[in-house]
Amino acid sequence: HRLCCYFQFIFWNTKRIYHWCKSKKTGFHKREIGDIGEKVVFKYEVEQVQKIRPDKLGVVKIVSNDTSLGYDIQSVQLEDVSKKKLIEVKTTIRTFMPESEIMTFFPMSANEWETAKNYGDIYFIYRVFLTKDNAQIFVIQNPIEHEKAKNIIIEPLQYRVLVKPQAGTYLPEIKMR
């Protein structure tokens, strides 16, 4: 009963956050959208683990406050609960659910991609699509293998440039006033 009430709270709270964000004139903020998606995925994972191995519920955690990890939620794989499942959540708000044959895109940090490389089959991307009334999750296990199979296309959009002093010279100082 306590677990059921907890899920009702998360569902109600997620809808409340969604409507609160939607009512803001500035629209949604990235962090708020991400938080909603994480709550949806957390709720889903807890429900799935509860059905098969309720003793493993303590493993299911939201860990997104530590961005160095490269994933947002830790869970267990249902086929073998001795294996962890590391989930990176990518959330989008839409007015309609995506059609299955349409490609979608999302940003991913270098740390998240490196984490996916390091963990292979236990790394998942849960692509969450939110509408006013529903959520749909598209699951990608081991995105690195999907990139090798050309099911995922990686486009570098930004680089960090590290400059050694030998790369150039300073111009004379310019007086600003």
Side-chain angles (χ1 to χ4, degrees), residues 10 14 17-18 21-22 24 26-49 59-132 134-168:
I10 286 179
T14 301
I17 291 169
Y18 177 89
C21 294
K22 189 75 174 162
K24 292 181 126 191
T26 57
F28 293 98
H29 298 283
K30 282 184 190 180
R31 185 70 220 160
E32 292 167 333
I33 295 168
D35 289 348
I36 295 169
E38 288 170 14
K39 287 178 183 173
V40 168
V41 170
F42 177 77
K43 176 182 180 290
Y44 174 80
E45 285 295 308
V46 168
E47 287 173 347
Q48 298 308 303
V49 173
V59 178
V60 184
K61 299 175 185 171
I62 295 176
V63 295
S64 58
N65 57 330
D66 184 351
T67 57
S68 69
L69 293 175
Y71 56 91
D72 299 315
I73 294 176
Q74 174 185 292
S75 188
V76 295
Q77 295 192 37
L78 298 177
E79 307 79 41
D80 181 357
V81 294
S82 68
K83 291 183 182 177
K84 285 187 179 178
K85 181 191 281 188
L86 309 177
I87 304 167
E88 175 57 31
V89 180
K90 297 296 181 183
T91 308
T92 300
I93 293 182
R94 300 180 64 134
T95 55
F96 58 91
M97 288 297 169
E99 296 176 28
S100 60
E101 63 276 354
I102 294 176
M103 288 179 52
T104 64
F105 61 91
F106 53 87
M108 199 163 175
S109 73
N111 181 46
E112 292 163 351
W113 192 251
E114 284 302 311
T115 303
K117 283 181 185 176
N118 292 335
Y119 287 106
D121 282 337
I122 69 167
Y123 192 91
F124 293 74
I125 297 172
Y126 276 35
R127 183 78 168 105
V128 179
F129 297 96
L130 299 172
T131 64
K132 181 179 166 193
N134 298 308
Q136 186 166 17
I137 303 171
F138 184 80
V139 178
I140 303 165
Q141 182 177 5
N142 195 344
I144 303 304
E145 287 302 313
H146 284 286
E147 193 257 344
K148 289 177 185 172
K150 301 195 184 316
N151 296 323
I152 290 177
I153 300 164
I154 300 299
E155 295 178 342
L157 299 177
Q158 192 172 25
Y159 293 94
R160 180 173 61 167
V161 180
L162 301 173
V163 180
K164 293 182 178 181
Q166 301 85 347

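Computed from a predicted structure; not experimentally measured.
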J.: If I take atom CE from residue M108 and atom CD1 from residue I152, how far apart are they, to the nearest 0.5 angstrom?
T.: 8.0 Å
J.: What residues form a side-chain contact (heavy atoms from CB on, under 4.5 Å) with T67, not counting sequence neighbours?
T.: none
J.: To check you understand the geometry: which heavy-atom pair defines the closest contact between S68 and N111, and what is its length?
T.: O-ND2, 3.3 Å
J.: Does L69 have any side-chain contact (heavy atoms from CB on, under 4.5 Å) partners at least two apart in sequence or in another chain, and if so, which?
T.: V63, D66, Y71
J.: Return yes if some donor-acceptor pair links the side-chain N/O of K90 with the main-chain N/O of P107 below 3.5 Å, else return no.
T.: yes
J.: Can you list everything that forms a side-chain hydrogen bond (donor to acceptor under 3.5 Å, both in side chains) with D121? Sequence neighbours excluded, please.
T.: N142
J.: In Å, rounded to the nearest 0.5 Å, how long is the span from CD of E88 to OH of Y119?
T.: 13.5 Å
J.: Check whether any side-chain heavy atom of T91 sits under 4.5 Å from a side-chain heavy atom of I36, and report yes or no.
T.: no
J.: For I154, I'd like to know if atom CD1 has over 12 heavy atoms of other residues, nucleotides or ligands within 6.0 Å.
T.: yes
J.: Determine whether a donor-acceptor pair (N or O, by modelled atom type, separation under 3.5 Å) exists between the side chain of Q74 and the backbone of L86.
T.: no
J.: Quick one: closest heavy-atom pair of E38 and S64, and the distance?
T.: OE1-OG, 2.8 Å
J.: The criterion is salt bridge (Lys or Arg N to Asp or Glu O under 4.0 Å); which residues satisfy it with K150, sequence neighbours excluded?
T.: none
J.: Output yes when R31 and D35 qualify as a salt bridge under the 4.0 Å nitrogen-oxygen rule, no when they do not.
T.: yes
J.: Give me the one residue out of I93, I33, I137 that meets side chain to side chain contact (heavy atoms under 4.5 Å, CB included) with V128.
T.: I137
J.: To the closest 0.5 Å, what do you measure between CD1 (I122) and NZ (K84)?
T.: 7.5 Å
J.: Under the rule for salt bridge (Lys or Arg N to Asp or Glu O under 4.0 Å), what residues qualify as partners of E147, not counting sequence neighbours?
T.: none
J.: Looking at every non-hydrogen atom in both residues, tell me the closest pair between S82 and D80 and how far apart they are.
T.: OG-OD1, 2.5 Å
J.: Just checking F105: does its CZ atom have more than 12 heavy atoms from other residues, nucleotides or ligands closer to it than 6.0 angstrom?
T.: no
J.: With rounding to the nearest 0.5 angstrom, report the CD1 to CH2 distance, I144 to W113.
T.: 3.5 Å
J.: Within the structure provided, determine whether R127 and T92 are in side-chain contact (heavy-atom separation under 4.5 Å).
T.: yes
J.: Under the rule for salt bridge (Lys or Arg N to Asp or Glu O under 4.0 Å), what residues qualify as partners of K117, not counting sequence neighbours?
T.: E114
J.: Is a salt bridge present between E79 and K85, judged by a nitrogen-to-oxygen distance below 4.0 Å?
T.: no
J.: Any chance you could measure N151, atom CG, to E145, atom CD, to the nearest 0.5 Å?
T.: 10.5 Å
J.: Whether the side chain of Y123 engages the backbone of G70 through a donor-acceptor N/O pair (distance < 3.5 Å, no angle test) should be reported.
T.: yes
J.: Is there a side-chain contact between Y126 and I73, using heavy atoms and a 4.5 Å cut-off?
T.: no
